[in-house]
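Structure first, commentary second.
Atoms considered below: every heavy atom in the structure, side chains included; atoms not considered: hydrogens, waters and symmetry mates.
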Amino acid sequence: MQQMATTVTLLLGAASSPGPAAGDGAARDGFQCSRLLPKKKQQRPRWVLCSLKYGCLGVGEPGEAGGRSAASPVYSSLTVSPGGDAAVAVVSSEQKVYDVVVKQAALLKRQLRPPQQQQQAPPAVARELDAPRGGLGEAYARCGEICEEYAKTFYLGTLLMTEERRRAIWAIYVWCRRTDELVDGPNASHITPQALDRWERRLEDLFAGRPYDMLDAALSDTITKFPIDIQPFKDMIDGMRTDLKKARYKNFDELYMYCYYVAGTVGLMSVPVMGIAPDSKATAESVYGAALALGLANQLTNILRDVGEDARRGRIYLPQDELAEAGLSDEDIFKGVVSDKWRKFMKRQIKRARMFFEEAERGVTELRKESRWPVWASLLLYRQILDEIEANDYNNFTKRAYVGKAKKVLALPVAYGRSLLLPYSLRNNQT
């Protein structure tokens with residue numbers, strides 16, 4: 001007879017070190033949960049939904065309400081088969097992404113070490129880009145024009161950055177946009193897995209100093225100046241592959257991985273360029289974790305804003321198990337009826353997105369002062385989209401939530417003011 005599995009949320013935050021096992025009953029980062037395990041060993045296992053960053057999210061008996069409480073959202077989960085020392089755990093998406101975060105942070109920390117503490121590395125091989133030196137200036141300028149055209153508010157914020165950092169962010173933005181256009185652009189219907197394979201080989205050539213065109217050349221030059229790793233770029237391409245073959249997500253664990261692929265990766269690409277403030281007391285892992293959280297929050301907001309548009313393309317980027325718990329089905333999404341069940345479901349989804357925004361806020365303050373404004377502007381404006389969904393009475397089927405021009409203009413000085421604040425790690429340590 002197959003044993004009933006116990007489902008728990010991985011006790012790990014993307015911005016913190018791995019947490020204790022569920023049975024430890026221990027606390028880390030100020031989190032305590034007294035409901036992790038039954039007090040008596042003879043009691044049957046209880047599933048729990050806990051997160052070090054977001055507190056205890058609910059608890060119940062296996063099999064109740066489809067296997068867990070419908071009272072609170074889930075962040076990232078894994079399944080553990082009860083069996084004492086022989087229990088086997090399936091690694092959650094959060095753990096997989098955390099491993100990438102640790103690797104990226106390690107690259108940055110190596111660059112930040114004093115020269116006398118750095119290991120002697122073999123001399124770097126000079127790379128000749130397939131673009132004349134004068135052509136690189138033109139390439140970066142073109143990247144800036146594209147950024148200004150498609151992300152005006154973000155572009156304006158980059159103008160406060162140093163020239164080298166500003167141009168590097170433009171180059172990253174353009175590569176991400178070109179990648180996204182492969183599956184969402186005018187030629188998306190003709191894109192095949194083989195086309196994405198070719199795009200990935202082109203990325204590898206770019207990192208090897210063999211750019212295909214002037215826009216590639218800008219990014220190829222950028223990675224010689226900053227500790228940027230290829231992994232987040234490859235992961236973004238994997239997200240595009242997902243869009244070609246997947247139109248449903250069983251649970252938030254699956255959706256979490258997708259959001260990392262298509263948006264969380266952008267944060268990991270950008271932190272080395274944005275830089276960490278010299279006076280920051282935060283760890284590199286926590287800053288990368290906050291950048292990841294902002295990407296996840298932005299993508300979740302995109303998903304909630306575009307429910308109707310995605311449904312018309314046959315796609316539903318919402319956790320299927322949570323829809324079922326709310327008494328909703330795919331057919332309800334396709335019909336586009338704003339019911340009380342839908343409003344309740346949307347409130348939970350918006351709450352989750354806002355929690356990721358809150359996690360991101362602390363990390364933005366740890367960036368270099370001149371790099372904070374565009375990130376703050378993006379955070380404040382995207383978060384307002386959630387407010388607009390609420391203002392539309394959760395009708396994201398036929399009404400597109402957008403932030404008007406006046407609100408965008410008003411957000412800029414607010415974002416600038418916040419960019420001048422002390423890093424959160426310093427304020428938190430002050431008595």
Review point. What about F345 and W342, are their ring centers closer than 6.0 Å?
Key: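 They qualify: ring centres under 6.0 Å apart.
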
Taking only residues two or more places apart in sequence, or in another chain, which ones meet [X] in a side chain to side chain contact (heavy atoms under 4.5 Å, CB included)?
X	result
V262	M240, Y258, Q299
E390	I350, R354, D387, Y394
T192	Q194, A195
T365	W376, Y424, R427

Practice item. Report the distance from atom CZ of F207 to atom CG of D205, rounding to the nearest 0.5 Å. Key: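 It comes to 12.0 Å.
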
**Study point:** salt bridge (charged side-chain N to carboxylate O under 4.0 Å, His left out) pairs, two or more places apart, involving residues 255-268
**Key:**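 As it turns out, there is no salt bridge (charged side-chain N to carboxylate O under 4.0 Å, His left out) pair with a partner in residues 255-268 once direct neighbours are skipped.
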
Exercise for review: Would you list the pairs meeting salt bridge (charged side-chain N to carboxylate O under 4.0 Å, His left out) in which at least one residue belongs to residues 140-169, sequence neighbours left out?
Suggested key: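 Qualifying pairs, neighbours excluded: R142-E145.
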
Donor-acceptor contacts, no H, no angles, side chain residues 402-422, under 3.5 Å, sequence neighbours left out:
{"unit_1": "K407", "atom_1": "NZ", "unit_2": "E388", "atom_2": "OE2", "d": "2.6"}
{"unit_1": "S419", "atom_1": "OG", "unit_2": "Y416", "atom_2": "O", "d": "2.5"}

With sequence neighbours excluded, tell me which residues meet side-chain hydrogen bond (donor to acceptor under 3.5 Å, both in side chains) with [X].
X	result
N392	none
Y317	D243, R315
D99	Q95
E181	none

May I have the list of side-chain donor-acceptor pairs in residues 268-280 shorter than 3.5 Å, sequence neighbours left out?
{"unit_1": "S270", "atom_1": "OG", "unit_2": "V266", "atom_2": "O", "d": "2.7"}
{"unit_1": "S280", "atom_1": "OG", "unit_2": "A282", "atom_2": "N", "d": "3.1"}
{"unit_1": "S280", "atom_1": "OG", "unit_2": "E366", "atom_2": "OE1", "d": "2.6"}

Check your understanding: Between Q349 and E322, is any side-chain donor less than 3.5 angstrom from a side-chain acceptor?
Key ->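 Yes, because at least one side-chain N or O of Q349 sits under 3.5 Å from a partner of the opposite role on E322.
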
